[in-house]
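This report refers to the structure that appears directly beneath it.
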Amino acid sequence: MDLTVLYRGPLASCDYDCPYCPFAKRRDSTAQLRADRDALERFARWAADSEDELSLLFTPWGEGLVRSWYRRTLTELSQLPHVRRVAIQTNLSCRTGWLAEADLDTLALWCTYHPGQTPYDRFLAKCRELADRGVRFSVGVVGLPAHLPAARRLRADLPPHVYLWINAAEGHIYGDAEADDWTALDPLFPYSRHPHRSAGLPCRTGESVISVDGTGTVRRCHFVRDELGNLYDGSYRAALRPRACPLAVCDCHIGYVHLESLPLYDVFAGGVLERVPAALR
């Protein structure tokens, strides 16, 4: 089968201290980092042995690419013939030289710029390095009012083919004029502006898309806590089937992109995991 897997291990440490993130500047102990590495390596072995066609998105709470085991795992998975896509969410604070060993037809990055956390010129230089290497990537900004000047500058400086997405800030209410400012930068911002009513609507999660944690527990997505089984004993497979969303709303892109009521699989065809619209490829 064609299976999309969102993996989130125990890593929770980050080198940034964004005020809108609960994991800012959190430090994992040596034991916690070792546990995360072991869990990731176990997942990578499962992926390597899988008979399914896989698309893999790593969504760590912390920053993964500053850890050697994430860079190594993405590189190795990108070289497997049955892995269609392997991508990770990152603040791009890591070096980029490791990408020379990866298969860039398979690997992609979902990058976020956090104003105030890294010098603008340094982040832009990293983006230009990615573009020069031929890496598939998108870049985004959290849509807080204070971020608008930096987002406008970034849109002007990024190569035209690089998609700049804007995430609506949690709890922020956007008036029409403010929403128009963000939509001028990201024509798809209206999908992020309001939570999507999802209760009872068909969703690909739990059928062709699953979420996996570091212990191998499988859920339909990161936001529905009901367990479908375990990845490593195969018990989850009997639970895969079409199903409706049990939640009232879905307000995160990695969730609502899979709603069948939205056209986003067509909008991002071939780039769903790295958030790259088909029109920009």
Side-chain angles (χ1 to χ4, degrees), residues 7-9 11-18 23-28 30 32-34 36-45 47-48 54-81 83-141 150 153-154 157-165 270-271 273-276 280-281:
Y7 176 85
R8 177 175 287 164
L11 182 76
S13 55
C14 187
D15 49 343
Y16 286 3
D17 62 351
C18 305
F23 294 90
K25 286 294 184 183
R26 177 169 169 173
R27 293 183 180 274
D28 286 326
T30 299
Q32 289 170 321
L33 291 174
R34 185 179 299 113
D36 181 72
R37 183 191 63 199
D38 291 346
L40 183 66
E41 290 176 350
R42 186 185 188 192
F43 175 75
R45 289 194 297 272
L54 299 176
S55 299
L56 308 172
L57 174 61
F58 294 88
T59 63
W61 284 122
E63 175 52 40
L65 291 183
V66 297
R67 306 297 176 185
S68 62
W69 51 95
Y70 280 88
R71 300 192 299 269
R72 180 174 63 251
T73 295
L74 265 71
T75 298
E76 293 173 352
L77 291 176
S78 76
Q79 297 165 351
L80 299 177
V83 174
R84 293 186 173 184
R85 178 75 70 244
V86 57
I88 189 170
Q89 295 177 319
T90 176
N91 63 24
L92 207 55
S93 61
C94 69
R95 59 184 183 271
T96 61
W98 64 279
L99 291 161
E101 304 299 322
D103 184 339
L104 298 184
D105 288 332
T106 303
L107 185 140
L109 301 178
W110 166 326
C111 308
T112 305
Y113 174 54
H114 299 282
Q117 300 299 311
T118 186
Y120 175 83
D121 290 341
R122 180 183 299 171
F123 183 86
L124 181 63
K126 293 280 186 69
C127 292
R128 288 174 171 167
E129 288 175 16
L130 297 183
D132 290 344
R133 288 180 179 273
V135 178
R136 296 164 55 88
F137 71 105
S138 65
V139 176
V141 176
R153 184 182 180 191
L154 192 58
D157 290 340
L158 284 171
H161 73 277
V162 175
Y163 173 48
L164 178 71
W165 48 265
L273 295 192
E274 62 270 30
R275 202 170 179 173
V276 175
L280 294 179
R281 296 193 304 278

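For the single chain, residues carry numbers from 1 onward in sequence order.
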* To do: Step by step, work out the side-chain contact (heavy atoms from CB on, under 4.5 Å) result for Tyr16 and Thr118.
  => CA-CA 8 Å; Tyr16 286 3; Thr118 186; 3.4 Å; yes
* Structure fact -> Sorted by chain and number, sequence neighbours left out, ring pair (Phe, Tyr, Trp, His ring centres under 6.0 Å) with Tyr70 holds for none
* By ring pair (Phe, Tyr, Trp, His ring centres under 6.0 Å) - contacts of Tyr7 (at least two apart) ->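 Tyr7: ring pair (Phe, Tyr, Trp, His ring centres under 6.0 Å) contacts with Phe43, Phe58.
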Do you know the tightest heavy-atom contact between [X] and [Y]?
X: Ser55; Y: Arg84; result: OG-CB, 3.9 Å
X: Ala102; Y: Leu107; result: CB-CD1, 3.9 Å
X: Glu274; Y: Ser138; result: O-OG, 2.8 Å
X: Phe137; Y: Cys127; result: CZ-O, 3.4 Å
X: Pro115; Y: Ala150; result: CG-CB, 4.0 Å
X: Pro60; Y: Gly64; result: CG-N, 4.1 Å

To the nearest 0.5 angstrom, please state how far the [atom1] atom of [X] sits from the [atom2] atom of [Y].
X: Thr73; Y: Leu65; atom1: OG1; atom2: CG; result: 10.5 Å
X: Thr59; Y: Arg8; atom1: OG1; atom2: CZ; result: 4.0 Å
X: Leu109; Y: Leu273; atom1: CG; atom2: CG; result: 12.5 Å
X: Leu77; Y: Arg85; atom1: CG; atom2: CZ; result: 13.5 Å
X: Arg27; Y: Gln32; atom1: CZ; atom2: CD; result: 12.5 Å
X: Leu40; Y: Leu11; atom1: CG; atom2: CG; result: 9.5 Å

Identify, with sequence neighbours excluded, every residue that meets side-chain contact (heavy atoms from CB on, under 4.5 Å) alongside [X].
X: Thr112; result: Trp110, His114, Trp165
X: Pro159; result: Ala131, His161, Val162
X: Arg72; result: Glu41, Ser68, Trp69, Glu76
X: Leu124; result: Tyr120, Arg128, Leu154, Asp157, Leu158

Any non-hydrogen side-chain atom of [X] less than 4.5 Å from a side-chain atom of [Y]?
X: Leu130; Y: Leu99; answer: yes
X: Asp28; Y: Asp36; answer: no
X: Arg42; Y: Asp38; answer: no

* To do: Name all pairs fulfilling the salt bridge (charged side-chain N to carboxylate O under 4.0 Å, His left out) condition that reach into residues 108-122, sequence neighbours left out, sorted by first residue then second.
  =>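 Only Asp121-Arg153 qualify under salt bridge (charged side-chain N to carboxylate O under 4.0 Å, His left out).
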* To do: Sequence neighbours left out, what pairs pass salt bridge (charged side-chain N to carboxylate O under 4.0 Å, His left out) with at least one residue falling in residues 104-118?
  =>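 For residues 104-118, and leaving out neighbouring residues, there are no salt bridge (charged side-chain N to carboxylate O under 4.0 Å, His left out) pairs at all.
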* Which residues pass the side chain to side chain donor-acceptor pair (under 3.5 Å) test with Arg71, sequence neighbours left out? ->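 Applying side chain to side chain donor-acceptor pair (under 3.5 Å) to Arg71 gives none.
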* Considering residues at least two apart in sequence or located in another chain, which fulfil the side chain to side chain donor-acceptor pair (under 3.5 Å) criterion with Arg37? -> none
Solution key, residues 89-97 side-chain donor-acceptor pairs under 3.5 Å, sequence neighbours excluded:
unit_1: Thr90; atom_1: OG1; unit_2: Glu63; atom_2: OE2; d: 2.8
unit_1: Thr90; atom_1: OG1; unit_2: Leu92; atom_2: N; d: 2.9
unit_1: Asn91; atom_1: OD1; unit_2: Ser93; atom_2: N; d: 2.9
unit_1: Asn91; atom_1: OD1; unit_2: Ser93; atom_2: OG; d: 2.7
unit_1: Asn91; atom_1: ND2; unit_2: Asp15; atom_2: OD1; d: 3.1
unit_1: Ser93; atom_1: OG; unit_2: Asp15; atom_2: OD2; d: 2.7
unit_1: Thr96; atom_1: OG1; unit_2: Glu129; atom_2: OE1; d: 2.6

* To do: With sequence neighbours excluded, tell me which residues meet salt bridge (charged side-chain N to carboxylate O under 4.0 Å, His left out) with Arg67.
  =>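 Listed in chain order: nothing, the list is empty.
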